[in-house]
J.: 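Okay, handing you the structure first.
Values below: every heavy atom of this structure, side chains too, minus hydrogens, waters and symmetry copies.
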Amino acid sequence: MSACTPTRPSDPTPTRRAHPPHSPPPAPRRCFRVAGEDVSASIAVFLIALPLSLGIALATGAPLQAGLVAAAVGGLVAGRLGGSALQVSGPAAGLTVVTADLIQRYGWRTTCAITVLAGLAQLVLGCLRVARTALAVSPAIVHGMLAGIGVTIAVAQLHIVLGGSPQSAVLDNVRALPAQLARLHPAAVAVSALTLALLLLWPRLPGPAGRLLRKVPAPLVAVTGATATASLTGLTLPKVELPSWRSHALAGLPEGPALGLVAAVLTITLVCSVQSLLGAVAVDKLVASRPGPAVRVHRSDLDRELLGQGAANIVSGALGGLPVAGVAVRSTANVNSGAVSRNSTMLHGVLVVVAALLMVPVLELIPLASLAALVMAVGIQMVSLHHIRTVTRHREVLVYAATTLGVVLLGVLQGVALGIAVAVATALHRLTRTRITHDEQEGVHHVRVRGQLTFLAVPRLSRALHLVPHGAHAVVELDGSFMDHAAYESLQDWQKTHTAQGGTAEFTGRRGGLSLTPGDQADASGTTDVAGPTEVAGPAGLSAATGCRCRPWTPWRNHQCERPPTTPESAPPATADAGTTPDAGATPGAGTGSSIGKGTHPDGARDGRPAAPLAPGRGGHRLARGISAFQRNTAPLVRGELARLAREGQRPSQLFLTCADSRLVTSMITSSGPGDLFVVRNVGNLVPLPGAESGDDSVAAAIEYAVEVLQVRSITVCGHSGCGAMQALLGSEPGGAQTPLRRWLRHGRPSLERMADDSRPWARLAGRQPADAVEQLCLTNVVQQLEHLRAHESVARALAAGALELHGMYFHVGEAQAYLLTGAEEDQVFDHVREEDDVAV
């Protein structure tokens, strides 16, 4: 055994130290503890929620206390019972139009009862576990609904900004605008203009001082500035009036037509549920992309979130509050302020209660025009240009526009129903719309099918196929994911006829595996997947695959897709790299391409004998076939994206530094595509320390280029199981010839020394012990290379500026399981990356 081999016991789990007998006993563990991050985040959210809650209550025509009640209940009840730890609930701008309409129709007490009934409906939906169904609603419908509500809010609040009173309908407000402009109230306009100016300019304050001041929320600054100006100048304006809590109106029995009340409950339930569930999903994405050290926050439980929102609406309605839903502005502020648990949401609710009870004299100084300007700005922001660009890119502008106009002109429920109808009609149109073309290029007839191939397209398909002359070579390109039985039989009949007349036919498509032979049958459902490439030649109509049929990342054995050998001499030799997986009987380091183990030389020779030269027509033919399959099947699909990258240049967000082992396919493991990762591969995923003697300019240059030129946001060092470089390190003996491989592996000796150092904790896997010393060294090597990364000047500067994160990763080849490095310096643990986790490496 080498002197560098660790002498520790096989159990790497740190042992608990016994309590010293003469020291005082440890303090009892507190049952409730609030992190400092949650306290600061709750204050930030409270400062945003207070003016917005009053403004939304003003916009709905409800008592102003109703906004404070909803904010407090949303924080305390939904925050405690909901399934999203960091989502903040309260009165939402998306409910303004609905609530205002209900108050106009049924009065305030009945509206509160409707809120209670909507909460009960949410509880039923949560118990039925149908929360995921709400996510099936097209984003274009949701964005269109919010845009329509935003337009309605902005037009209505514009009247208050100008010093007047809004009408009940959007068209009435639009028609009344000319008369309102003729009767401007200068004081109201001045206060509103000041509020909007502060809202717009405060987030853009420059310099270090501006960065410090921007920590105070812009809505609070805007309302406070407008209130102080109005008070100091003595402007006569309508202001907030908070009657005594003794006269606060609570929910009453619902009164009105039963059908109208049912529609109202369904509307509140739909809008609250969809907005809350989509907000919970958005919060999960914000948490995953939050910079700084990773804090484990559980992903949202959508069914529990629905139950929490239902309970909050029951309590809010019963106490005379507005309907409650997840609010994007407050949730974003909560995440960006560093909240780590649901305590921040609950503390914000406590602060709202304190303000509602103790700050009434201060709140009554706020001009209504300032609150109206604040809510109008929120309504304008709900018409998001980013959303419009997104729906345009996905060709859903018609759905977005129909929903928006329907909400503005008809109402929220009617607008959403209209949007769903247009979305269904658009989907059916796309399903039935298939483009079929025929052209001739250099004697080859191309029939191209774009879209889904159903019985509706069979007549046009037959016309295009009959344009191919007898005896000609035809290529049929099927660019779609669905083919029904009628289209399948039509293609099969044409293929048999065409080949019987001396022609040839080649079928290509987005997916591999389709063979249109006389014996083929569609599945029991009468449908088949579009696939290719398959060439059908000769009068007999026999099919023979000319390309690899392996689909991306489906089970394969080194892509052994050649035709079966016709003679014993043509059979390839049985070697470890011809379909044998290293973790299923192969020795470590053998047959792994770039693995360097005992008995394997890095240039491919084994046991000291030079490797046999590649037989002509085997490896070279396989490479050429792979390139041909890419040009035929994959290149048409990625050409547009690669053309964009060629124009704009590469802008990857991550540097991925891993081993050169052939089993590590970085794009497969990370589900990444062109332009996503800047990859550096070397033997042993080593990061040499900078310096004249031990440095390595190639790796250092890649790191410097990635950090300073490409400005990547994270660097990941990825090790793997069965690493030949780590085996070579463990088996190395002092002395011997200094080959290039030995000189390179000297950069891994600090990892050996780290593992043999008893004063340092061992890196370990969560849930099990390392299988052997090689796996222990692979884990330790990842931790050590991260330390080497920090020694590079460019990395150190980016880390100090908070512009870069470092991640450690271990990939077990045999298990196809990734592990991410977690824990502090004293507890380096590689934890599972589970299938349901949304982790960005």
J.: Roughly how far, to the nearest 0.5 Å, is the CZ atom of Arg80 from the OG1 atom of Thr345?
T.: 12.0 Å
J.: Checking side-chain hydrogen bond (donor to acceptor under 3.5 Å, both in side chains) between Ser273 and each of Glu305, Gln122, Gln309, which is the one that passes?
T.: Gln122
J.: Here's a test for you: under side-chain contact (heavy atoms from CB on, under 4.5 Å), which of Leu54, Ile56, Leu68, Val69 qualifies with Pro91?
T.: Ile56
J.: For the residue pair Val399 and Val391, establish whether any side-chain heavy-atom pair is separated by less than 4.5 Å.
T.: no
J.: Can you tell me how far apart CG (Leu76) and CG (Leu81) are? Round to the nearest 0.5 Å.
T.: 10.0 Å
J.: Quick one: closest heavy-atom pair of Leu277 and Ala131, and the distance?
T.: CD1-O, 3.4 Å
J.: Quick one: does Val124's side chain get under 4.5 Å of Leu120's, heavy atoms only?
T.: no
J.: Any side-chain to backbone donor/acceptor pair from His394 onto Thr390? Under 3.5 Å, distance only.
T.: yes
J.: Which distance, rounded to the nearest 0.5 Å, do you find between the CG of Leu405 and the CG of Leu418?
T.: 8.5 Å
J.: Can you check whether Ala57's main-chain N or O pairs, donor with acceptor, with Thr60's side chain at less than 3.5 Å?
T.: yes
J.: Is there a side-chain contact between Leu50 and Leu220 in this structure, where contact means two heavy atoms from C-beta onward sitting under 4.5 Å apart?
T.: no
J.: If you round to the nearest 0.5 Å, how far is NE2 of His143 from OG1 of Thr403?
T.: 11.0 Å
J.: Donor-acceptor pair, distance only, cut-off 3.5 Å: does the side chain of Gln87 make one with the backbone of Gly326?
T.: no
J.: Judged by modelled atom types alone, do Asn313 and Thr115 share a side-chain donor-acceptor pair under 3.5 Å?
T.: no
J.: Around atom CD of Glu255, are there more than 12 heavy atoms from other residues, nucleotides or ligands closer than 6.0 Å?
T.: no
J.: Under the salt bridge (charged side-chain N to carboxylate O under 4.0 Å, His left out) definition, can you give me all pairs with a residue in residues 334-344, not counting sequence neighbours?
T.: none
J.: I'd like to know whether CZ of Arg214 has more than 12 heavy-atom contacts from other residues, nucleotides or ligands below 6.0 angstrom.
T.: yes
J.: Apply side chain to side chain contact (heavy atoms under 4.5 Å, CB included) to Met376 and Ile153, showing your working.
T.: CA-CA 6 Å; Met376 185 180 72; Ile153 292 173; 5.9 Å; no
J.: Do Leu261 and Thr110 pass the side chain to side chain contact (heavy atoms under 4.5 Å, CB included) test, and can you show the C-alpha distance, the side-chain angles, and the key distance before you say yes or no?
T.: CA-CA 9 Å; Leu261 292 175; Thr110 299; 4.1 Å; yes
J.: What I'd like to find out is whether the side chain of Thr99 reaches to under 4.5 Å of the side chain of Pro323, using heavy atoms alone.
T.: yes
J.: Start with the C-alpha gap between Asp676 and Ser653, add the side-chain angles, then the distance that decides, and say whether side chain to side chain contact (heavy atoms under 4.5 Å, CB included) holds.
T.: CA-CA 6 Å; Asp676 292 338; Ser653 60; over 6 Å; no
J.: Does a side-chain heavy-atom distance below 4.5 Å link Val378 with Ile380?
T.: no
J.: When you compare the side chain of Glu805 with that of His807, does any pair of heavy atoms fall below 4.5 Å?
T.: yes
J.: Should the heavy atoms of other residues, nucleotides or ligands under 6.0 Å from CG of Leu253 be counted, would the total exceed 12?
T.: no
J.: Going through the distances and angles, do Asn334 and Ser344 end up as a side chain to side chain donor-acceptor pair (under 3.5 Å)?
T.: CA-CA 8 Å; Asn334 194 36; Ser344 62; 3.0 Å; yes
J.: Can you check whether Ser341's main-chain N or O pairs, donor with acceptor, with Asp38's side chain at less than 3.5 Å?
T.: yes
J.: Search all heavy atoms of Ala280 against all heavy atoms of Leu302 and return the closest pair with its distance.
T.: CB-CD2, 4.0 Å
J.: For Ser384 and His386, indicate whether the former's side chain and the latter's backbone hold a donor-acceptor pair under 3.5 Å.
T.: yes
J.: About how many Å separate OG of Ser53 and CG of Leu322, when rounded to the nearest 0.5 Å?
T.: 8.5 Å
J.: Working note: Val324 + Cys272, criterion side chain to side chain contact (heavy atoms under 4.5 Å, CB included); need CA distance, chi angles, decisive distance, verdict.
T.: CA-CA 7 Å; Val324 172; Cys272 287; over 6 Å; no
J.: Do the non-hydrogen side-chain atoms of Ile268 and Ile114 ever get within less than 4.5 Å of each other?
T.: yes
J.: Looking at Cys112 and Gly320, what are the two nearest heavy atoms and their distance?
T.: SG-CA, 3.7 Å
J.: So, taking the atom named CD in Glu396 and the one named OG1 in Thr392, what distance separates them when rounded to the nearest 0.5 Å?
T.: 10.0 Å
J.: Is any side-chain heavy atom of Asp831 less than 4.5 Å from a side-chain heavy atom of Tyr819?
T.: no
J.: Measure up the Phe830 and Tyr810 rings against each other and bin them: parallel (under 30°), tilted (30 to 60°), perpendicular (over 60°).
T.: perpendicular
J.: What's the shortest heavy-atom distance between Ala325 and Leu95, and which atoms?
T.: CB-CD1, 3.9 Å
J.: Keeping Arg330 on the side-chain end and Val88 on the backbone end, is there a donor-acceptor pair under 3.5 Å?
T.: no
J.: How close do Ala263 and Thr267 get, counting heavy atoms only, and between which atoms?
T.: O-OG1, 2.7 Å
J.: Give me the atom names and distance for the closest heavy-atom approach of Ala312 to Val73.
T.: O-CG1, 3.3 Å
J.: Can you tell me which residue among Val408, Asp101, Val98 is in a side-chain contact (heavy atoms from CB on, under 4.5 Å) with Thr152?
T.: Val408
